[in-house]
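Quick caveat, the model's predicted, so the values are computed rather than measured. Counting starts at 1 for both ligands and their atoms, in listed order.
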Amino acid sequence: EGVLSGFGRPGATEVQRPRPRLMMNNDKAYDLVVVGSGAGALLGAIRAADEGLSVLVVEKTPLVGGTSAISGGGIWIPDNPDLPRVGIKDSIDAAFRYVKTCARGLASDERILAYVETARQMVRYLGEIGVPYRSMPLYADYYPSLDGALPGGRTMDPRDFNAGKLGAQALESLRPTNPGQLIFGRMNINAFEARSMLARERKAKFVLAWIMLRYFIDYPWRNKSRRDRRLTGGQALTGGLFTALRQRKIDLWLESPLQSLVVDGGRVAGVIVQRGGQASTVRANKAVLLAAGGFERNQAMREEHLPKPTDQTWTATPPGGNTGDAIRAGAQAGGALHLMAHTWGVPTLEVPKEEKFRPLFVERSLPGCMVVNARGERFLNESGPYPEFQQAMFANHAATGGAVPAWIVFDADFRAKYPIGPLMPASAVPDSKMRRSWLNTVYWKADTLAELAAQIGVDAAGLQASAAKMTDFARTGKDLDFDRGGNVFDRYYGDDHVKPNPNLAPIAKAPFYAMKLFPGDIGTKGGLLTDRDARVLDAQGQAIAGLYCVGNNSASVMGPAYPGAGSTLGPAMTFAIRAVAHMVGKPIPLQRTDLLGPAT
Ligand code: FAD
């Protein structure tokens with residue numbers, strides 16, 4: 001942690017390390033080899049092709065898109081070009097101050113400035129290549145009380161993408177989304193529609209009816225594919241990028257994991273990938289861009305670096321992909337590692353037969369639920385940012401030994417109105433229609449809190465006291481313990497019909513329910529240390545020639561924090577743009593260098 005020396009300040013030179021020359025069979029050569037096929041990888045490949053480079057993308061799994069494809073697809077873009085449309089003012093100064101405070105000294109000023117200045121260029125480019133985004137004016141930054149935060153507008157959602165442009169056959173190669181992001185297991189839903197339904201807006205019923213109608217009358221498409229033609233969220237993003245990749249005829253090798261980097265005369269000059277059961281060497285004349293995700297699916301690396309307890313099954317990311325291969329390969333080539341103890345944390349829950357745990361981004365914030373430890377005590381603001389939620393679980397577990405797992409507890413009113421994890425609201429799918437096997441695996445249910453406590457091994461008196469307190473807080477609208485609903489971020493996923501506090505409702509009406517929560521993640525955020533142009537740095541802060549890195553393969557520009565929804569995909573793609581500009585000899589200059597502090 002804290003390896004900030006050098007950080008590629010202007011003038012930092014690329015070191016040419018004296019290393020043994022490696023023999024290469026020059027059967028394949030490209031200007032750029034991109035490792036991975038998440039959002040940063042695909043955008044980097046497309047941009048490089050637009051700059052005239054020959055590009056190869058190598059992907060480990062049989063599917064394109066990585067975690068990016070199953071994500072919400074949101075990107076956090078300060079001072080973005082769509083803000084005037086929604087009447088919000090932003091500035092580079094404010095965004096820089098905000099991210100700098102969030103990053104707590106664990107990302108260099110230069111990288112932060114590079115991000116906040118270039119992100120808006122990146123989103124313009126996304127629009128040009130057919131993946132337009134729009135601002136979400138009500139989606140607040142995650143730490144609204146910090147200097148420079150905005151109450152909305154920086155988070156952007158992809159516009160729906162017509163999979164017809166990609167084609168039904170190619171769509172089969174795009175990693176499908178999560179069950180949690182589909183309606184009735186089939187229809188995609190965008191972030192505006194999801195909010196409308198969760199907030200039970202008046203128009204929500206019409207929105208739902210329109211989504212269903214549109215899907216069912218689209219016979220021509222449904223004859224070709226079971227998957228919805230209308231791609232939203234991470235599907236729209238990666239589907240759009242995959243389409244742009246194919247339009248440019250960029251080579252893509254699936255099931256071709258990177259094994260190691262080829263270092264030639266101190267410069268990264270290619271990759272060795274496993275392809276068709278054989279190791280094959282590909283020369284990269286200009287550069288290698290590592291974009292192969294984090295290490296969340298590698299149990300040994302988790303145990304080495306992350307807070308304990310830790311388990312690779314708790315992550316909400318696809319199995320079999322992100323095992324830190326390219327972090328290790330970069331480190332072997334001399335790259336320094338940074339922020340390795342951090343994840344993009346989120347509470348997750350297990351649903352039997354699903355390949356990965358489900359993240360609980362939203363539901364925990366709705367009124368009428370609370371999260372408790374084994375003593376039955378609340379220990380956090382359930383509506384706060386999800387990384388802090390995960391950190392609070394670890395902190396409370398260290399103190400009490402009873403917060404991993406923790407329990408989310410709610411009453412019959414909550415159950416009737418809101419979805420949670422795989423449970424649809426009881427008003428739509430009552431308990432009698434729910435899968436039997438989910439009782440006592442996905443959810444627990446009892447007529448009294450004391451019985452529920454006995455079932456889940458939680459202290460009954462503690463649980464009853466916490467529920468009584470929540471019921472009081474709901475009446476006054478003030479959570480005296482954790483100030484739930486006390487700011488604009490908390491309230492974004494509240495229920496505006498509930499007064500006086502949209503995040504607080506009594507927990508009083510039987511039957512009572514509980515679900516088990518784990519300190520999961522949506523990826524790790526530590527990796528190779530990079531500079532403002534995404535060049536990989538060594539322990540002395542010198543750039544390694546020919547090696548660039550973006551996304552969770554690299555250490556996050558956000559330090560330990562999550563400034564706003566879209567803080568992982570936004571930087572992954574923005575630094576891909578900067579990396580390509582740098583490798584083609586047109587580095588993007590920083591404008592507001594007056595904001596930079598002394599080199600750290
Ligand atoms: P990935 O998208 O995971 O791509 C890495 C790729 O590299 C994978 O395809 C993997 O198979 C491949 N790979 C791994 N090893 C090798 C190898 N050796 N050789 C070749 N290829 C390899 N973030 C946001 O910013 N906004 C959101 O709205 C958002 N919503 C989310 C919702 C969910 C449900 C989840 C799970 C995550 C969400 N995230 C969101 C987080 C975000 O999706 C990830 O942080 C991001 O996708 C990481 O991008 P990446 O390119 O680093 O990795």
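Remark: aromatic rings of Y386 and Y142 are close, center separation under 6.0 Å. Two rings, from W438 and Y443, have their centers 6.0 Å or more apart.
A donor-acceptor pair shorter than 3.5 Å can be found between the side chains of D160 and N190. In summary, the side chains of Y133 and N80 do not present any donor paired with an acceptor at a separation below 3.5 Å, with no hydrogens or angles considered. Judged by distance alone, the side chains of Q299 and E303 do bring a donor and an acceptor atom under 3.5 Å apart. Checked by atom type, the side-chain pair T323/R297 shows no donor-acceptor distance below 3.5 Å. The closest side-chain donor-acceptor pair between Y30 and N285, if any, does not fall under 3.5 angstrom.
Nearest protein heavy-atom contact of atom 18 (N) of ligand 1 is D325 OD2, 2.8 Å. Closest protein heavy atom to atom 36 (C) of ligand 1: A316 O, 3.4 Å. For atom 39 (N) of ligand 1, the nearest protein heavy atom (residue, atom name, distance) is I522 CD1, 3.6 Å. Nearest to atom 25 (O) of ligand 1 among the protein's heavy atoms is L569 N, 2.8 Å. Protein heavy atom in closest approach to atom 1 (P) of ligand 1: T67 N, 3.5 Å.
Distances shorter than 4.0 angstrom occur between a heavy atom of G293 and an atom of ligand 1. Using a 4.0 Å cutoff on heavy atoms, K356 does not count as a contact of ligand 1. Within the structure, ligand 1 has G65 among the residues with a heavy atom less than 4.0 angstrom away. Contact between A572 and ligand 1 is absent, with no heavy atom of the residue lying under 4.0 Å from the ligand. For the ligand labelled ligand 1, residue N178 lies inside the 4.0 Å heavy-atom shell. Within the 4.0 Å heavy-atom cutoff, P359 counts among the residues contacting ligand 1. Contact analysis puts S37 in contact with ligand 1, with a non-hydrogen atom separation below 4.0 angstrom.
For the atom pair SG of C369 and OH of Y418, the computed distance is 9.5 Å after rounding to the nearest 0.5 Å.
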Could you check D90 against R154 for salt bridge (Lys or Arg N to Asp or Glu O under 4.0 Å), going step by step and ending with a plain yes or no? CA-CA 9 Å; D90 193 4; R154 286 175 175 157; 2.7 Å; yes

Discussion item. I'd like to know whether R578 forms a salt bridge (Lys or Arg N to Asp or Glu O under 4.0 Å) with D533, so could you lay out the CA-CA distance, the side-chain angles of the two residues, the decisive distance to 0.1 Å, and finally the verdict.
Written reply: CA-CA 5 Å; R578 292 193 63 91; D533 294 313; 3.2 Å; yes

- Task: Go through the steps to decide whether M573 and I75 satisfy the test side chain to side chain contact (heavy atoms under 4.5 Å, CB included), and finish with yes or no.
- Result: CA-CA 9 Å; M573 293 191 284; I75 54 177; 3.7 Å; yes

Practice problem: Please report the C-alpha distance between R159 and T232 in whole Å, then the side-chain angles of each, then the deciding distance to 0.1 Å, and finally whether the side chain to side chain contact (heavy atoms under 4.5 Å, CB included) criterion is met. | Solution: CA-CA 7 Å; R159 290 194 181 269; T232 58; over 6 Å; no

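For a threshold of 3.5 Å applied to N or O pairs, the pair formed by G74 and ligand 1 contains at least one separation below that value. When only interatomic distances are considered, the shortest N/O to N/O separation between G570 and ligand 1 does not fall below 3.5 Å. Considering backbone and side-chain atoms alike, E59 places an N or O below 3.5 Å from some N or O of ligand 1. Any N or O atom pair closer than 3.5 Å counts here, and N322 shares at least one such pair with ligand 1. Residue V550 places no N or O, backbone or side chain, under 3.5 Å from any N or O of ligand 1. Considering both main-chain and side-chain atoms, N553 never comes within under 3.5 Å of ligand 1 through any nitrogen or oxygen pair. For L258, a nitrogen or oxygen atom sits less than 3.5 Å from a nitrogen or oxygen atom of ligand 1, counting backbone and side chain alike. Looking at K60 next to ligand 1, an N or O pair under 3.5 Å apart turns up.
Between A41, S68, G73, G233, it is S68 that holds the heavy atom closest to atom 2 (O) of ligand 1. Closest heavy-atom approach to atom 30 (N) of ligand 1 within the set G72, S556, S554, P571: this belongs to G72. Between the choices T568, N552, V271, the shortest heavy-atom distance to atom 52 (O) of ligand 1 belongs to N552. If you check each of G324, S71, G66 against atom 29 (C) of ligand 1, the one with the closest non-hydrogen atom is S71.
Listed by atom number, the atoms of ligand 1 under 4.0 Å from A291 heavy atoms are 5 (C), 7 (O). Close approach of ligand 1 to T61 is summarised as follows: ligand atoms under 4.0 Å from at least one heavy atom of the residue are 11 (O). Residue G566 has at least one heavy-atom neighbour below 4.0 Å for each of these atoms of ligand 1: 24 (C), 25 (O), 26 (N). Annotation for ligand 1: atoms under 4.0 Å from non-hydrogen atoms of G38 are 2 (O), 4 (O), 51 (O). Those atoms of ligand 1 with a heavy atom of S567 less than 4.0 angstrom away are 25 (O).
When non-hydrogen atoms are compared, ligand 1 lies under 4.0 Å from the side chain of Q181 (C-beta onward) but not from its backbone. Heavy atoms of F361 found under 4.0 angstrom from ligand 1 belong exclusively to the side chain.
Ring geometry, Y98 versus W76: the interplanar angle falls from 30° to 60°, so the pair is classed tilted.
In terms of modelled atom types and a separation under 3.5 Å, the side chain of N552 and the main chain of G294 share no donor-acceptor contact.
Among residue pairs with one or both ends in residues 57-75, those qualifying as salt bridge (Lys or Arg N to Asp or Glu O under 4.0 Å) are K60-D325; sequence neighbours excluded. The ring pair (Phe, Tyr, Trp, His ring centres under 6.0 Å) contacts involving residues 278-307 comprise F295-H305, where partners must be two or more places apart or lie in separate chains.
In this structure, R111 satisfies the cation-pi test against F575, with its NZ or CZ atom closer than 6.0 Å to the six-membered ring centre and inside 45 degrees of the ring normal.
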